Amino acid sequence: MQDLFSPPADEGQMPWERIAIGHQACVLRGFALRWESDLLGQVQELVQRAPFRHLRTPGGRQMQVAMTNCGDFGWYSDQRGYRYTATDPLSGQPWPPMPPAFAALAAQAAEAADLPPFAPNACLINRYTVGTRLTLHQDEGDARHPIVSVSLGLPAIFLWGGDQRADATQKLPLQHGDVVVWGGVDRMRYHGVMPVKEGASPVAHPLLDGQRINLTFRRAS
DNA sequence: AAGTCTCA
DNA sequence: ACAT
């Protein structure tokens, strides 16, 4: 078993690139590639304990993105509103614990983004099938800590907006292994995902067959 | 408004 | 623009 907190031996073969998208926000292209095997294996196990499901927004609409969580808290939404829960309302059981490799990736991404030490206690796992989108929104949770967002599988166009919903948006192409980090003054910026287009999966894996999987790390409180 | 529809 |  490999030490999850040490870089793999072939780290030099997996370069990444940092692109600024704000004062305290950036895209880390390819940053998650060296965790690919761990991430996919762990997500498969997590989903058996806490399956993907379509949540309802307070407006009563069903979300296109299917979601589940791991960690001490999970993001949840229903007609009563958004909140973080310690247990999965579907099972009544605590959300599955956050795998050490997840926490390590999130911490190292925040460090690579020149943000203060980050220890997430919530990981939202999103599944986008072809045609699925996510409209502009702000991430809840403790805004003193950043958001780390990991893209796996099909590519997507990330919408990166401002502090107001009506602010102009940039379209950022995200590929398998890319990580977006936003904190500090950029923590509450609106963001979303354009409808995911059909395509060939960049990696042969059941989880990524015709799908995009996104991991979003944060501190709920 | 973490959604969907309609119009220009 | 619109609703729960």
Side-chain angles (χ1 to χ4, degrees), chain A residues 21-22 25 27 43 46-47 50-90 95-96 98 102 106 120-174 178-183 185-198 207 211-221:
Chain A
I21 57 171
V27 178
V43 170
L46 290 169
V47 166
F52 284 117
R53 80 293 303 263
H54 294 276
L55 303 182
R56 236 164 238 293
T57 64
R61 306 306 187 97
Q62 195 174 65
M63 297 183 68
Q64 296 181 358
V65 179
M67 300 177 161
T68 186
N69 294 278
C70 68
D72 293 338
F73 298 96
W75 186 82
Y76 210 77
S77 176
D78 61 18
Q79 291 199 343
R80 291 172 36 214
Y82 313 138
R83 60 197 175 279
Y84 288 93
T85 66
T87 58
D88 180 353
L90 206 59
W95 294 106
M98 191 181 303
F102 281 30
N121 63 3
C123 174
L124 174 60
I125 304 168
N126 297 138
R127 183 188 66 191
Y128 296 74
T129 52
V130 170
T132 297
R133 70 140 125 193
L134 189 58
T135 59
L136 287 179
H137 65 278
Q138 295 173 303
D139 281 7
E140 286 82 26
D142 188 340
R144 296 171 301 179
H145 296 272
I147 300 293
V148 172
S149 174
V150 178
S151 292
L152 298 168
L154 289 182
I157 306 290
F158 186 66
L159 295 171
W160 180 237
D163 290 336
Q164 311 270 166
R165 181 181 295 278
D167 287 348
T169 58
Q170 293 179 64
K171 292 180 177 178
L172 304 172
L174 293 182
D178 289 352
V179 178
V180 188
V181 183
W182 62 99
V185 295
D186 295 315
R187 173 61 175 73
M188 296 309 287
R189 285 176 69 163
Y190 277 87
H191 55 96
V193 177
M194 298 270 287
V196 169
K197 291 186 192 164
E198 193 166 21
L207 258 182
Q211 294 184 337
R212 171 175 187 263
I213 300 288
N214 169 252
L215 310 177
T216 305
F217 298 93
R218 65 195 70 186
R219 284 202 69 90
S221 56

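None of these values were measured; they are calculated from a predicted model. Quick note on labels: first sequence line is chain A, next is B, and so on, each numbered from 1.
Taking atom P in both B/dA8 and B/dT4, the straight-line distance is 23 Å, to the nearest Å.
Counting any heavy atom pair closer than 4.0 Å across all strands shown, A/Arg218 reaches a base atom. Within 4.0 Å (heavy atoms only), A/Leu136 reaches sugar-phosphate atoms of the nucleic acid but no base atom.
Using the Watson-Crick or G-U wobble rule with both distances under 3.5 Å, B/dC7 pairs with nothing in any strand shown.
Expressed to the nearest 0.5 Å, how far CG of A/Leu215 lies from CG of A/Leu124 amounts to 9.0 Å. Here the CH2 atom belonging to A/Trp160 is positioned 5.5 Å from the CG atom belonging to A/Asp186, to the nearest 0.5 angstrom. The structure places CG of A/Leu136 at 11.5 Å from CZ of A/Arg189, a figure rounded to the nearest 0.5 Å. Note that CG of A/Asn121 is 8.5 Å distant from CG of A/Asp142, once rounded to the nearest 0.5 Å.
Aromatic ring pairs are classed by plane angle as parallel below 30°, tilted from 30° to 60° and perpendicular above 60°; the pair A/Phe102 and A/Phe217 is perpendicular.
No hydrogens or angles considered: nothing links the side chains of A/Trp95 and A/Thr68 as a donor-acceptor pair under 3.5 Å.
Sorted by residue number, the members of residues 56-67 of chain A with any non-hydrogen atom under 4.0 Å from DNA chain B read A/Thr57, A/Arg61, A/Gln62, A/Met63, A/Gln64.
Rounded to whole Å, atom C1' of B/dA1 lies 12 Å from atom NE2 of A/His137. Across the protein-nucleic acid pair, A/Leu134 atom CG and B/dA1 atom P stand 14 Å apart, rounded to whole Å. If you take CZ of A/Arg80 and C1' of B/dA1, they are 19 Å apart, rounded to a whole angstrom.
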